[in-house]
Amino acid sequence: MLKNKSRKVELKVSADGSHTLFVPELDEHYHSVNGAHNESMHVFIEPALRFCQKETVNILEIGLGTGLNAFLTAVNQGNKTIFYHALEKFPITPEAAAQLNFAKTESEQQLFSRLHNLPWNETEELQTGFTLLKDEADLTNIDFNKQYDLVYFDAFAPEVQPEMWSESIFQKIYDAMNSDGILTTYCAKGVVRRTMQAVGFTVERLPGPKGKREMLRAIKA
Ligand SMILES: C[S@@+](CC[C@H](N)C(=O)[O-])C[C@H]1O[C@@H](n2cnc3c(N)ncnc32)[C@H](O)[C@@H]1O
């Protein structure tokens with residue numbers, strides 16, 4: 001049993017061999033048990049990062065958790081210049097991060113360790129052209145002072161954290177996005193799609209990662 005700042009978490013292996021964390025208190029995993037790495041690539045890297053044509057990209061992640069999405073964004077950075085703002089209310093401990101098996105090579109492991117060892121609440125260079133702000137903050141009471149091109153909306157499920165999926169939250173995010181900005185999420189619930197539409201997003205249903213029929217991509221047209 002590992003502990004993040006206020007919660008106990010357990011290390012689990014998902015179906016593609018990559019780790020995830022389980023939160024007993026919420027009865028919820030950080031990722032899909034059908035494959036954490038696969039889900040991150042399918043929901044965030046392919047339909048958001050790679051879909052985005054811009055070369056200079058501001059990314060907002062909700063929330064950083066294990067750092068898998070931030071890590072895979074850095075691995076798949078390509079020619080982009082990235083500012084990555086990751087919100088996290090309950091940072092995982094360095095001890096938990098050190099056990100995660102996302103890196104495939106020694107240089108990836110160095111990148112992943114650096115991601116976790118960089119200080120919180122400071123803007124730092126993770127690697128050339130990739131600036132990271134790990135922000136120990138709560139989405140429900142943060143005021144944004146940047147405009148984002150991509151939003152990785154990776155909160156716990158609406159059944160577990162309904163306050164994260166409310167109209168006022170999506171309005172706040174919509175207002176903090178550039179036009180043509182893209183938000184993706186693993187969640188495809190009708191009520192979530194309609195809430196996104198109500199604040200102004202154009203929302204598409206895309207095929208979901210393994211084990212899920214659909215996911216959502218919302219665009220600020
Ligand atoms: C489904 S997990 C995904 C984590 C992460 N994207 C990953 O790949 O490991 C949801 C994350 O949101 C964080 N979180 C929960 N409530 C939050 C809040 N109010 N503000 C910011 N982050 C929050 C959780 O601690 C957790 O790390």
Side-chain angles (χ1 to χ4, degrees), residues 2-14 16 18-49 59-76 84-94 96-103 111-112 115-116 120-121 132-144 148 150-166 168-170 172-173 176 183-189 192 208-209 211-212 215-216:
L2 302 163
K3 253 192 137 188
N4 69 8
K5 281 208 169 155
S6 63
R7 284 183 173 143
K8 288 193 170 145
V9 291
E10 295 171 8
L11 191 67
K12 300 281 182 190
V13 180
S14 70
D16 65 7
S18 57
H19 279 144
T20 187
L21 298 176
F22 175 69
V23 189
E25 184 189 325
L26 303 176
D27 192 24
E28 185 81 347
H29 289 85
Y30 274 50
H31 309 96
S32 166
V33 293
N34 295 303
H37 181 279
N38 175 65
E39 178 186 49
S40 179
M41 291 298 295
H42 188 103
V43 175
F44 303 110
I45 305 304
E46 300 293 352
L49 182 69
I59 302 178
L60 172 68
E61 179 179 19
I62 294 149
L64 179 70
T66 61
L68 177 58
N69 297 330
F71 168 67
L72 289 177
T73 299
V75 169
N76 292 281
Y84 196 104
H85 184 182
L87 300 188
E88 179 53 64
K89 188 173 176 187
F90 305 108
I92 66 168
T93 59
Q99 296 197 34
L100 296 165
N101 69 354
F102 302 142
L111 176 67
F112 189 69
L115 190 158
H116 278 286
W120 284 88
N121 308 319
L132 176 64
L133 171 59
K134 297 192 301 182
D135 193 355
E136 190 171 354
D138 184 338
L139 173 66
T140 62
N141 60 25
I142 193 170
D143 291 321
F144 294 114
Y148 302 95
L150 300 180
V151 177
Y152 299 166
F153 197 89
D154 202 12
F156 288 122
E159 299 78 11
V160 177
Q161 277 200 300
E163 72 281 8
M164 301 285 275
W165 303 81
S166 69
S168 62
I169 291 285
F170 282 119
K172 182 160 75 168
I173 292 173
L183 177 154
T184 55
T185 181
Y186 65 86
C187 180
K189 290 190 83 159
V192 170
K212 285 212 79 187
M215 55 163 280
L216 298 178

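Remember, it's 1-based here, ligands and their atoms both numbered in the order they're listed.
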Quiz item: Can the ring centroids of F71 and F102 be said to lie less than 6.0 angstrom from one another?
Solution: no
Quiz prompt | Distance filter under 4.0 Å to T66 heavy atoms, resulting ligand 1 atoms | solution = 7 (C), 8 (O), 9 (O)
Self-check item: E163: salt bridge (Lys or Arg N to Asp or Glu O under 4.0 Å) partners, not counting sequence neighbours
Solution: none
Quiz item: What do you reckon, does G63 have a nitrogen or oxygen under 3.5 Å from a nitrogen or oxygen of ligand 1?
Solution: yes
Exercise. Take every heavy atom of E61, measure it against each atom of ligand 1, and state whether any distance is under 4.0 Å.
Key: yes
Practice problem: Return yes when P91 approaches ligand 1 closer than 4.0 angstrom through a heavy atom, no otherwise. | Solution: no
Practice problem: Provide the number and element of each atom of ligand 1 under 4.0 Å from a heavy atom of H31. | Solution: 7 (C), 8 (O), 9 (O)
Exercise. Specify whether F156 and Y30 have parallel, tilted or perpendicular ring planes, treating 30° as the upper limit for parallel and 60° as the lower limit for perpendicular.
Key: perpendicular
Quiz item: Relative to the ring of H29, is the ring of F22 parallel (under 30°), tilted (30 to 60°) or perpendicular (over 60°)?
Solution: tilted
Quiz item: Nearest to atom 25 (O) of ligand 1 by heavy atom, K89, M164, H19, E88: which?
Solution: E88
Quiz prompt | Results of salt bridge (Lys or Arg N to Asp or Glu O under 4.0 Å) for E28 - residues two or more places apart only | solution = none
Exercise. With heavy atoms of D138 as the reference, note each atom of ligand 1 found under 4.0 Å away.
Key: 18 (C), 19 (N), 20 (N)
Exercise. Answer yes or no: is there a side-chain heavy-atom contact under 4.5 Å between H19 and T66?
Key: no
Quiz item: Do any nitrogen or oxygen atoms of T140 lie less than 3.5 angstrom from nitrogen or oxygen atoms of ligand 1?
Solution: no
Quiz item: Heavy-atom contacts under 4.0 Å between I92 and ligand 1: side chain, backbone, both, or neither?
Solution: neither
Quiz item: Do any nitrogen or oxygen atoms of A155 lie less than 3.5 angstrom from nitrogen or oxygen atoms of ligand 1?
Solution: no
Quiz item: Around atom CG of D143, are there more than 12 heavy atoms of other residues, nucleotides or ligands at under 6.0 Å?
Solution: no
